[in-house]
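First the proteins, then the strands, lettered A, B, ... as listed; each starts at 1.
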There are 2 protein chains.
Amino acid sequence: MDNTTPRTRRNARIRQAIIKSAVEIIHHEGVSALSIRRIADAIDYSPASIYEYYPNKDAILAAVCLEGYAKLTAALQDYPATADPRVATRECGVQYVRFALANPDYFLLMFSSAGMQPNHNSEESLELQLLRSPAFMVIYRHIHALVEAGFCVVTPRYGVFQIALSAWQMVHGIAMLSLTTLRDGPLDYTIIRMTLDAWQRGFAHTVAER
Amino acid sequence: MDNTTPRTRRNARIRQAIIKSAVEIIHHEGVSALSIRRIADAIDYSPASIYEYYPNKDAILAAVCLEGYAKLTAALQDYPATADPRVATRECGVQYVRFALANPDYFLLMFSSAGMQPNHNSEESLELQLLRSPAFMVIYRHIHALVEAGFCVVTPRYGVFQIALSAWQMVHGIAMLSLTTLRDGPLDYTIIRMTLDAWQRGFAHTVAER
DNA sequence: ATATTTACTGAACGTTGTTCGGTAATTGAT
DNA sequence: ATCAATTACCGAACAACGTTCAGTAAATAT
């Protein structure tokens, strides 16, 4: 189909300009400073025109979050390939925390409210949806390699997926608390590495079945 | 001093009514539905009068959070004393997640924005501040018992405090992701217990010094 | 009983998200 | 090239928001 007519291309460009200026406003002045009028001002349109491209403000925030997920995925992969999967897994976690602290506005927007998740398709099982989420898959593959190398034991009830989920939960807790309750406290990546090593050690042997 | 004159008592009662109605509005219609005007309506005052008791809306939200911290602390202790500190520690974590899912609005309000933490005194070290936070202390004592019983090994760099912090981060990640990304997915407390057991196993032996 | 402090309100200001009627520009068909 | 139909855009407005302030009613202190 002609998804590249002049019109659709202009349309896409303006949509892009909208979320780009939104990202900049958020980055420089925080989420609370973001308003339709500020965006309209930044891209030389009237406030009403914004609604030709996005149905409402939440849709714009959702689009910003989508960008955030992509950036997070890239950040998780931004570590040189390592022979030892244990180190690779751990450093992936460090990257997660690093991303959160480097982009606090992005991160809090993505993971603070209950309605900011990508393609929340309630038809499908949550597991399948996560497995199609690129960011989660980066973690998943690290855990898979960990298991392959014999550093991590799986059971029928608690497989690669569950371990990957647990890893995500661990680093997410570190990141989230660092941004909220522990903000402006010292952030020691040496200690975070020790925490992640301890987490890994917990899965080094069979998870007790219940 | 006379902190119980008729005036101060009335004052306290009205302040209490304000945050009580705020809690109810949040609970029934979500944080986004909370407004000064709605509160004023609920307690039969004019919007302007609210400002005689709280300087602004954020102060009201902060007061709501304070209540939340107290409720969380109570929830963490709401598990019968157990002989085995390993079980006690794990069930404390389960209670944390339970609280989050039972009070999603409270929890997200408390731990979503960067400015909702209690008495953020930047003079003092973060460690000392946490050690005076009742909720954290519940976790801290569990870890202390765990160490006392020999189920958990401490090192100079990574002591009871760090382990307790790690425990908090772990359950916080579970809770937070369950409320946001994993919301409306199934929540299996059996699997959460297995996760917390694995976490505990990671600290069962010496944390490798770096 | 009077002076003074406190409690409370109505009305307003500036800002927000969003809608709508109307106009200018662009497109598709002849 | 011309004309009708669609699309893009805007000004103005609406309702709701947080907050302020001048002014009135009530409670307190003298």
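The pair A:Lys20-A:Glu67 fails the salt-bridge criterion, with no side-chain N (NZ, NE, NH1 or NH2) lying under 4.0 Å from an Asp/Glu carboxylate O.
B:Tyr51 comes within contact range of at least one nucleobase, with a heavy-atom separation under 4.0 Å. Residue contacts for A:Asn11: at a heavy-atom cut-off of 4.0 Å it reaches the sugar-phosphate backbone alone, with no base atom in range. Here A:Leu34 lies in heavy-atom contact (under 4.0 Å) with sugar-phosphate atoms only. At the heavy-atom level, B:Arg37 lies under 4.0 Å from base atoms of the strands shown.
Here the nucleotide nearest the side chain of A:Glu52, chosen from C:dA7, D:dA8, C:dC20, is D:dA8. Residue A:Ser35 has its side chain nearest to C:dT16 when only D:dA8, D:dC17, C:dT16 are considered.
Nearest heavy-atom pair across B:Ala63 and B:Ile19 is CB-CG2, 3.7 Å.
Across the protein-nucleic acid pair, A:Tyr54 atom OH and C:dT18 atom P stand 14 Å apart, rounded to whole Å. Rounded to whole Å, atom P of D:dT7 lies 16 Å from atom CZ of A:Arg15.
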For this session: Go through the steps for A:Arg193 and A:Glu91 under the test salt bridge (charged side-chain N to carboxylate O under 4.0 Å, His left out), then give the verdict.
Result: CA-CA 8 Å; A:Arg193 287 198 174 84; A:Glu91 292 307 316; 2.7 Å; yes
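Looking at which nucleotide of DNA chain C each of B:Arg7 and B:Ala48 is closest to, the 5′-most match is held by B:Arg7.
For B:Phe136 and B:Phe161, the distance between ring centers is under 6.0 angstrom.
Using a 4.0 Å cut-off, some side-chain N or O of B:Ser49 falls inside it from OP1 or OP2 of C:dT9. Considering only side-chain N and O atoms, A:Arg10 lies under 4.0 angstrom from the phosphate OP1 or OP2 of C:dT27.
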